[in-house]
Undergrad: 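To start, I am sharing the structure in question, which I have written as structure tokens.
We use all heavy atoms of the structure for the numbers below, so side chains are in, but hydrogens, waters and symmetry mates are not.
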Protein chains: 2
Amino acid sequence: MSLVLLGSLGGHVAEPMYRQIADDLRQKIESGALAPGVQLPTELELREQYNNASRNTVRDAVKWLTARNLVETRPGHGTFVVGKIDPFVTNLDVASGVGSEGVTAYASEVTAGRRKPEVSAPRIEIHQAGTVASELRMAEGATMVSRHQQRFIDDIPWSLQTSFYPMSFVDRGGAIELIQAKDMPDGVVRYLEDQLGIKQVGWRDKITVRMPNPTETTFFRLPDDGRVAVFEIRRTAFDESGTPLRLTVTVYPIDRNQFVMNFGNVPVEITESADAG
Amino acid sequence: MSLVLLGSLGGHVAEPMYRQIADDLRQKIESGALAPGVQLPTELELREQYNNASRNTVRDAVKWLTARNLVETRPGHGTFVVGKIDPFVTNLDVASGVGSEGVTAYASEVTAGRRKPEVSAPRIEIHQAGTVASELRMAEGATMVSRHQQRFIDDIPWSLQTSFYPMSFVDRGGAIELIQAKDMPDGVVRYLEDQLGIKQVGWRDKITVRMPNPTETTFFRLPDDGRVAVFEIRRTAFDESGTPLRLTVTVYPIDRNQFVMNFGNVPVEITESADAG
DNA sequence: GGGTATTTGTCCGTATGTATT
DNA sequence: AAATACATACGGACAAATACC
């Protein structure tokens, strides 16, 4: 073992032992000597490898790697190098992206990358507008409808989406399907235009990253320490009069998602397809 | 103290002691009982408060809070509730956003929010195109120019930006200022159009979140455990012929940045200004 | 299904080092 | 210089989760 022992260097303060161990393991991971999915030596084996350090010390080293998502521990089993997830790329500048909950649009976008999409039936709730009231320019306490869906890709939980609409859309009598718990294959946008003549002419997206809440941690099967954050994209859509017609909040784990958007004239992206064109 | 003692509940497996302590402290933080900036009890005081738990156990609780960015520890001083940072919002759909390095455009965008912007002089490098070659559709090994800048808001390091241009822009003789280490107040885009007639007509942004590298950790003064990630926005800009004319990579810490973009017709946002209009 | 071995998780006490006031 | 507070490191004991027979 080539680790520098604590205190053996005169010039500067030596790194703590657990960091030396962590750095050594990290180097082995990043160089490929420890490939993704491979099990690390057990804590007792690591003790022997690293100068008979205490088990708690090698555990500190492993914790350091865990905090950086380089390894994951499975109780009773071992510690393993994490595998890279093939990220899914969402286009934010097409109507089929965030906010259009229709399974058809979603499916066409996902299958373009040869992946298997799945959308849960929406869960409908009717409540008083709370914090979202101002974003929809509704009075505090006005009634609204929310439609919540879970989305999967290749059976992996990929995003959680909740859309909020004014209850007046339903009260006016036209948009009765808004409060029915079934998917609207062509999307709510199309439905609202057909039924109420309300036309979506633009939207604003706000992107933040935050810690997941317990619901999200469970659904996405994230580690219960907070090391995997989530994107939160809040899309406010407007009609021709500049009035917000809905708010869609979509949450994506950062470890499996990316976003792309185009402005102005942009050539079509060359997809990495294997066709012999 | 109202914590449930380990093992005292019959029905289900009790939470570990350190989690109970952490949850209790978390509740106090989120309820405001422990306000941002306030010092937590010291480890020895926490021992007494929580049933004479071991110091190592209360430290585990504090570590759990630290990993979630709820508290931060200062050696020799104490543990403190973290203060919220007022996030800076970047518009991605205006040319003054990412990629336009001109200090004028940047300053106008930032001061709109009454903040003090600052941009370092660019560091110029000329190298062989490596991984960025394909994004600029250049041959592997072609020469390119990079311009790197550090940006601050209210003296806080806010973003790191590097733009890559083909060296042919300079070789052709027109764009000589591209390789001079001074800011271009009106932006490079304007300069290229004036000098070479190369007009930027659109761009594509790709947004990801990743761990900071050591350079970024130092510059942004991030904690050296990896709990604050960074946005990486890669903007490829295209000219009228659909050829990429530059690649701009900008890195922002997620704890102090948000992004907004508009599509279609969107009413101007009502800023939360204090004027009595 | 049950039992056993393996491996990580929790908790303890103690000692010493380092940073700050 | 001394006191305070967090950081590192050690060793030990038992619990909980998993795999395997």
Undergrad: Counting side-chain heavy atoms from CB outward, which of C:dT14, D:dA19, C:dC11 is closest to A:His77?
TA: D:dA19
Undergrad: Take atom CG of B:Asn56 and atom C1' of C:dT14, then tell me their distance rounded to the nearest Å.
TA: 9 Å
Undergrad: How far apart are the closest heavy atoms of B:Gly37 and B:Phe80, and which atoms are they?
TA: O-CD2, 3.6 Å
Undergrad: Which nucleotide in the set D:dG12, C:dG9, D:dA7 lies at the smallest distance from any side-chain heavy atom of A:Glu43?
TA: C:dG9
Undergrad: Mind checking whether A:His127 and A:Phe164 have parallel, tilted or perpendicular rings, split at 30° and 60°?
TA: tilted
Undergrad: Sequence neighbours left out, what passes ring-ring contact (aromatic ring centres under 6.0 Å, His included) with B:Phe231? Give chain and number order.
TA: B:Phe259
Undergrad: State the pairing partner of D:dA1; accept Watson-Crick or G-U wobble contacts with both distances under 3.5 Å, and report none otherwise.
TA: none
Undergrad: Spell out, as yes or no, whether a donor-acceptor pair under 3.5 Å connects the side chain of A:Glu216 to the backbone of A:Asn213.
TA: yes
Undergrad: Quick one, B:Val228 and B:Phe220 - any side-chain contact, counting heavy atoms below 4.5 Å?
TA: no
Undergrad: What is the distance, rounded to the nearest whole Å, between atom CZ of A:Arg59 and atom P of D:dG11?
TA: 15 Å
Undergrad: Provide, to the nearest angstrom, the distance between the OH atom belonging to A:Tyr18 and the P atom belonging to D:dC6.
TA: 16 Å
Undergrad: Does anything in residues 65-75 of chain B come within less than 4.0 Å of DNA chain D? Heavy atoms only, and list the residues if so.
TA: B:Thr73, B:Arg74, B:Pro75
Undergrad: Please determine whether a side-chain nitrogen or oxygen atom of B:Thr79 lies at a distance below 4.0 Å from atom OP1 or OP2 of D:dA5.
TA: no
Undergrad: Which listed nucleotide (D:dA19, C:dC12, C:dT10) is nearest to the side chain of B:Pro16?
TA: C:dT10
Undergrad: Using atom types as modelled and distance alone, determine if a side-chain donor or acceptor of A:Arg256 lies under 3.5 Å from a backbone N or O of A:Ile156.
TA: no
Undergrad: Quick one: which of D:dC6, D:dA19, D:dG11 gets closest to the side chain of B:Thr42?
TA: D:dC6
Undergrad: Round to the nearest Å and state the distance from B:Asp60 atom CG to D:dA7 atom C1'.
TA: 13 Å
Undergrad: Consider the side chain of B:Arg55, meaning its heavy atoms from C-beta on, and name the nucleotide among C:dC12, C:dT8, D:dC6 that approaches it most closely.
TA: D:dC6
Undergrad: Just verifying a value: how many Å separate B:Thr79 OG1 and B:Leu46 CG, rounded to the nearest 0.5 Å?
TA: 7.5 Å
Undergrad: What's the CD-C1' distance between B:Gln39 and C:dT21, to the nearest Å?
TA: 12 Å
Undergrad: Closer to the 5' end of DNA chain D via nearest nucleotide, is it A:Arg47 or A:Gly76?
TA: A:Arg47
